Amino acid sequence: MTETDKIPPPNFIRNIIREDLKQNKNNGSVHTRFPPEPNGYLHVGHAKSICLNFGIAAENKGGLCNLRFDDTNPEKEDVEYTKAIMADVRWLGFDWEDRLYYASDYFEQLYDYAVQLIKDGKAYIDSLSAEQMREYRGTLTKPGRESPDRNRSVEENLDLFRRMRAGEFDEGEYLVRAKIDMTSPNINMRDPAIYRIKKANHHRTGDRWCIYPMYDYTHCISDALEGITHSICTLEFEDHRPLYDWCLDQLPVPCHPQQIEFARLNLNYTVMSKRKLNELVNEGYVTGWDDPRMPTIVGMRRRGYTPAAIRDFCERIGVTKNDTVIDMSVLENSVREDLDETARRVMAVLRPLRVVITNYPENSTEELDAPYHPNKPEMGSRRVPFSRVIYIEQDDFMENPPKKFFRLSPGAEVRLRYAYFIKCEEVIKDKQTGAVIELRCSYDPQTKGGNAPDGRKVKGTLHWVSADHAFKSEVRLFDRLFTVPVPDGEGDWKSVINPGSVEVLKDACLEPGLAGAKPEERFQFERLGYFCADHKDSTQGKPVFNRTVTLRDSWAKVDKQVK
RNA sequence: UGGGGUGUAGCCAAGCGGUAAGGCACGGGACUUUGACUCCCGCAUUCCCAGGUUCGAAUCCUGGCACCCCAGCCA
């Protein structure tokens with residue numbers, strides 16, 4: 001994302017558009033839209049669609065992308081979601097300018113068009129019950145039968161439709177159907193419903209309507225009314241395209257957009273359906289839609305993912321019609337790549353082990369200079385306090401180290417980053433448990449800053465925090481939400497939820513400057529990973545941190561091989 | 001044994017009749033005051049399978065096979 005002039009990789013949709021432009025189709029314009037239903041929060045799958053639609057608009061001269069809420073089902077939708085969706089799209093870095101639309105804005109026009117269809121004998125009012133509808137529809141292999149109401153007169157249809165709108169009937173009593181073909185091999189064309197009665201309050205139109213248009217009928221017309229040129233949607237709508245085209249062919253709409261379908265995103269070790277995400281929230285498996293383990297935009301944001309990283313990820317995975325599952329490592333790679341460039345390095349000890357530097361003067365403190373980024377001096381530096389008692393990571397000490405372990409062990413010498421070389425002289429253990437509770441080390445005053453004048457080298461460099469100056473706070477570590485790569489493939493997907501997907505460390509010791517971290521501020525805790533100050537649980541002067549992603553860890557591999 | 005789609009490496013993905021890009025992952029090495037970053041090197045004689053057309057096929061033709069989607073008054 002640093003190169004603004006980077007040419008996006010080709011994909012079949014961009015190829016179609018390039019070809020259309022060459023033919024001067026749509027007078028050379030490109031107009032897309034992102035059409036979420038406001039019935040839940042957005043997830044990375046939506047991010048793929050957002051990046052595609054807004055991206056295509058942005059990379060073509062004069063290209064535009066609308067934000068349109070597909071709000072035709074009042075029972076499931078809510079303003080809470082529209083607000084959250086707008087915030088997410090904006091946070092991802094996209095702008096619909098003044099083109100915010102709602103399908104509900106078109107209800108009157110949609111009604112008029114339906115009247116038109118009825119007058120033209122292309123739609124009728126049906127009184128079949130839902131169960132009867134199902135029977136008449138036939139099956140995948142057997143054609144359907146025509147409803148007895150199919151040849152109701154235009155006058156009667158018109159009257160009934162008017163009375164439906166007027167609220168004279170109960171839900172389910174009547175329904176408007178397109179008159180297409182009950183024997184079509186495509187079930188979507190067997191006289192699909194286009195209007196149903198719902199005596200529900202709509203989040204925008206209130207109680208003005210008691211009949212609501214169906215998706216297939218609404219979506220294509222909304223696209224046409226907005227002058228959309230390319231209506232990009234996911235694969236499951238491929239079968240609906242003939243219906244999309246049919247509706248537009250019957251009506252005097254301003255234009256006829258081209259529907260193009262692509263495969264939705266699947267990520268391993270997580271689930272992506274709104275229904276399942278909803279269950280995770282409602283049944284308490286996670287703390288909310290914005291739980292840092294969730295693949296939602298708000299969840300990833302809270303975890304510390306950046307908009308640039310998510311955009312980069314969406315670019316890398318490509319756009320095709322293949323049914324695929326993307327490896328989580330691709331996402332993590334995008335995040336690390338962005339954060340490596342932008343995050344300041346600081347020190348934090350997650351699981352503290354007390355170290356007393358026996359030959360360092362008591363009650364003495366010095367400040368050591370530590371740059372914020374090893375490769376970017378322009379990011380500046382800060383002073384970190386050093387004193388006689390410090391904490392190091394428990395993992396950085398082993399009493400009986402395996403080969404190639406170049407951290408601290410009895411008699412070994414290591415560097416404390418930006419400070420001194422220390423040597424482990426004595427190991428103090430708990431008399432009861434035998435656990436190592438303290439290390440006694442000596443330091444070499446000659447090695448201040450981290451280099452020895454005599455040229456001797458150490459293999460390991462450890463991060464540390466001065467005990468008296470440590471800012472103690474909470475740090476949360478996250479792991480994958482599921483224990484198997486494709487939970488959807490499991491009979492009971494909830495049986496493979498990872499019980500250890502979150503670990504809360506209450507006693508982490510952070511360098512003092514971190515007490516001033518702002519909500520959503522991101523850092524690299526050296527040698528541990530990238531962390532983000534939680535915007536929800538942090539309080540003034542007491543930020544708590546979420547681990548976004550670990551650093552790549554080649555020691556973990558060596559360690560595994562040794563064992 | 002209805003219709004619509006899709007099959008290129010462990011995971012993604014370019015390719016569109018001229019002799020298999022790239023990314024992730026993985027393996028090896030260099031550098032290193034983060035076992036990070038960075039940098040080198042390696043990683044499909046073969047494109048779901050079988051035939052055919054062609055001087056030449058992942059690309060064209062024929063026939064199989066596998067997987068995904070569709071029977072809401074959801075989107």
Side-chain angles (χ1 to χ4, degrees), chain A residues 9-11 15 35-37 39 70-73 75-77 126 128-130 133-134 137-144 171-177 184-190 192-198 211-212 214-216 218-219 233-242 261 263 268 274 315-334 336-337 340-341 345 347 370-371 373-375 404-407 415-419 421 447 449-451 457-463 485 524-529 550-559:
Chain A
N11 63 49
N15 291 348
E37 181 188 14
N39 68 342
D70 225 327
D71 55 351
T72 57
N73 188 348
E75 288 165 353
K76 295 186 174 176
E77 297 148 7
D126 203 345
L128 249 32
S129 68
M133 270 276 278
R134 205 175 309 125
R137 186 156 34 229
T139 67
L140 294 178
T141 52
K142 280 189 220 77
E171 290 189 12
E173 224 179 318
Y174 286 106
L175 148 106
V176 183
R177 289 229 258 169
S184 172
N186 182 345
I187 291 183
N188 296 301
M189 299 298 271
R190 319 236 262 231
I194 62 174
Y195 261 96
R196 76 292 215 189
I197 298 170
K198 265 188 199 293
I211 56 172
Y212 293 91
M214 300 285 289
Y215 165 83
D216 287 299
T218 307
H219 201 88
C233 63
T234 43
L235 243 31
E236 68 270 26
F237 293 106
E238 209 153 19
D239 289 342
H240 295 237
R241 194 169 63 227
E261 312 84 11
N268 62 188
K274 273 186 197 171
E315 191 117 296
R316 284 180 195 231
I317 57 177
V319 180
T320 66
K321 302 180 78 147
N322 302 342
D323 185 16
T324 60
V325 181
I326 307 288
D327 200 296
M328 200 55 111
S329 67
V330 181
L331 215 205
E332 293 181 342
N333 178 70
S334 291
R336 290 194 185 102
E337 217 165 84
D340 175 53
E341 287 280 317
R345 272 63 169 165
M347 292 195 284
H373 193 120
N375 311 322
K404 288 187 176 171
F405 180 85
F406 32 85
R407 279 121 90 147
R415 171 170 38 232
L416 293 178
R417 177 142 245 223
Y418 303 127
F421 284 11
T447 56
N451 286 302
K457 303 285 184 201
V458 288
K459 289 283 266 184
T461 300
L462 310 186
H463 59 277
Q524 182 195 97
F525 289 0
E526 294 217 35
R527 304 209 302 138
L528 297 173
T550 62
L551 253 30
R552 235 180 231 105
D553 184 4
S554 51
W555 161 250
K557 284 169 200 162
V558 175
D559 192 34

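The model shown is predicted, which means the values in this text are computed figures rather than measured ones. In the text below, chain A, chain B and the rest are named by the order of the sequence lines, each starting its count at 1. The figures here come from the full heavy-atom set of this structure, side chains too, leaving out hydrogens, waters and symmetry mates.
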Just call it for Glu37(A): base, sugar-phosphate, or nothing, with non-hydrogen atoms closer than 4.0 Å on any strand. sugar-phosphate
Hydrogens and angles aside, do Asn186(A) and Ser184(A) bring a side-chain donor and acceptor to less than 3.5 Å of each other?
no
Once you apply a heavy-atom cut-off of 4.0 Å, does Lys198(A) come out as touching a base, just sugar-phosphate, or nothing? sugar-phosphate
Worksheet item: Taking atom C1' in both G42(B) and A58(B), what distance in whole Å separates the two?
Response: 24 Å
Lys274(A) atom NZ is separated from G72(B) atom P, nearest whole Å, by 20 Å
**N/O (side chain, Asn375(A)) to phosphate O (OP1/OP2, A36(B)) under 4.0 Å** = no
Review point. For U32(B), does OP1 or OP2 lie under 4.0 Å from any side-chain N or O of Lys457(A)?
Key: no
Rounded to whole Å, CZ of Phe237(A) lies from C1' of C68(B) at a distance of 16 Å
Tell me what His219(A) touches on the nucleic acid: a base, only sugar-phosphate, or nothing, going by heavy atoms under 4.0 Å. nothing
| request: Could you tell me whether Lys76(A) and Asp71(A) make a salt bridge, using a distance below 4.0 angstrom between a side-chain N and a carboxylate O? | output: no
By nearest-nucleotide position on RNA chain B, the 5'-leaning member of Arg137(A) and Asn451(A) is Asn451(A)
Here the distance between atom C1' of C24(B) and atom CD of Glu315(A), to the nearest Å, is 15 Å
Its glycosidic angle compared against 90° from 0, G28(B) adopts the form anti
Answer for the Watson-Crick or wobble partner of C67(B), both distances under 3.5 Å, is G5(B)
Applying the 3.5 Å cut-off to both distances, the Watson-Crick or G-U partner of C39(B) turns out to be G29(B)
base_contact_polar (G35(B) base, Asp553(A) side chain, donor-acceptor, <3.5 Å): no
Select base, sugar-phosphate, or nothing to describe what Leu140(A) touches, counting heavy atoms under 4.0 Å on all strands.
base
When all nucleic acid strands are considered with a 4.0 Å heavy-atom cut-off, which category describes Thr218(A): base, sugar-phosphate, or nothing? nothing
d(Glu526(A) CD, Leu551(A) CG) to nearest 0.5 Å is 9.0 Å
Whole-Å distance, Leu462(A) CG to G35(B) P, equals 8 Å
Item checked: Presence of Arg336(A) side-chain N/O under 4.0 Å of C24(B) phosphate oxygens OP1/OP2 -> no
- [ ] Describe the nucleic acid contact of Ile194(A) in one word from base, sugar-phosphate, nothing, applying a heavy-atom distance below 4.0 Å.
- [x] nothing
Testing C74(B), G27(B), A25(B) for proximity to the side chain of Met214(A), the answer is C74(B)
Closest of A75(B), A71(B), G15(B) to the Ile187(A) side chain is A71(B)
Near-parallel close stack of Trp555(A) and G35(B) base (under 5.5 Å, under 30°) | yes
Testing the 3.5 Å rule here: is there a donor-acceptor pair between the side chains of Asn188(A) and Arg241(A)?
no
The reported gap from CZ in Arg415(A) to OG1 in Thr461(A) (rounded to nearest 0.5 angstrom) is 3.5 Å
**Study point:** Side chain Thr324(A), main chain Ile326(A), donor-acceptor under 3.5 Å
**Key:** no
### Query
Taking only side-chain nitrogens and oxygens of Thr72(A), does any of them come within less than 4.0 Å of OP1 or OP2 of A75(B)?
yes
When all nucleic acid strands are considered with a 4.0 Å heavy-atom cut-off, which category describes Ser129(A): base, sugar-phosphate, or nothing?
-> base
So what does Phe405(A) hit on the nucleic acid, given a heavy-atom distance under 4.0 Å: a base, only sugar-phosphate, or nothing?
-> base
*Does A13(B) have OP1 or OP2 sitting under 4.0 Å from an N or O in the side chain of Thr320(A)?*
yes
- Message: So Leu175(A), base contact, sugar-phosphate only, or nothing? Heavy-atom distance under 4.0 Å.
- Response: base
P-based separation of A50(B) from A57(B) [nearest Å] = 15 Å
So CZ of Arg196(A) and CD of Glu171(A): to nearest 0.5 Å the spacing works out to 10.0 Å
Taken to the nearest whole Å, CD/Glu236(A) to P/G4(B) is 18 Å
(Q) Heavy atoms only, 4.0 Å cut-off, all strands: where does Pro242(A) land among base, sugar-phosphate and nothing? (A) nothing
Let's go through Glu37(A) and Tyr215(A) carefully: what are the C-alpha distance in whole Å and the side-chain angles of both, what is the deciding distance for side chain to side chain contact (heavy atoms under 4.5 Å, CB included) to 0.1 Å, and is it a yes or a no? CA-CA 10 Å; Glu37(A) 181 188 14; Tyr215(A) 165 83; over 6 Å; no
Practice problem: Kindly say if Arg134(A) contacts the phosphate of G72(B), meaning a side-chain N or O under 4.0 Å from OP1 or OP2. | Solution: yes
task: Walk me through it: do Tyr174(A) and Tyr195(A) pass the test side chain to side chain contact (heavy atoms under 4.5 Å, CB included)?
output: CA-CA 9 Å; Tyr174(A) 286 106; Tyr195(A) 261 96; over 6 Å; no
Sugar-phosphate, base or nothing in reach of Tyr212(A), heavy atoms under 4.0 Å = nothing
Exercise for review: Give a yes/no on whether any side-chain N or O of Arg196(A) is located under 4.0 angstrom from OP1 or OP2 of C74(B).
Suggested key: yes
RNA chain B nearest-nucleotide lookup for Asp70(A) and Arg241(A): closer to the 5′ end is Arg241(A)
Checking C24(B), A13(B), G4(B) against the side chain of Asn322(A) (C-beta onward), the nearest is A13(B)
Quick note, Pro185(A) side chain, CB onward, closest among G5(B), A36(B), G3(B) is G3(B)
Picking from C74(B), U6(B), C12(B), the nucleotide nearest the side-chain atoms of Lys321(A) would be U6(B)
Sugar-phosphate, base or nothing in reach of Val325(A), heavy atoms under 4.0 Å
sugar-phosphate
pair_partner(U53(B)), Watson-Crick or wobble, both distances < 3.5 Å, evaluates to none
**Message:** Students often get this wrong, so: under 4.0 angstrom with heavy atoms, is Asp239(A) touching a base, only sugar-phosphate, or nothing?
**Reply:** base
Glu75(A) CD to C73(B) C1', in whole Å, measures 10 Å
Here the distance between atom C1' of U32(B) and atom CZ of Arg345(A), to the nearest Å, is 13 Å
Distance between C1' atoms of U19(B) and U59(B) (Å, rounded):
12 Å
Q) What is the nucleic acid contact for Tyr195(A), judged by heavy atoms within less than 4.0 Å: base, sugar-phosphate only, or nothing? A) nothing
Check the phosphate of G35(B) against Arg527(A), side-chain N and O only, distance under 4.0 Å to OP1 or OP2. Yes or no? yes
Is it the case that the base of G35(B) and the side chain of Arg407(A) share a donor-acceptor contact (distance under 3.5 Å, atom types as modelled)? yes
Separation of U8(B) atom C1' from Asn11(A) atom CG, nearest Å, is 17 Å
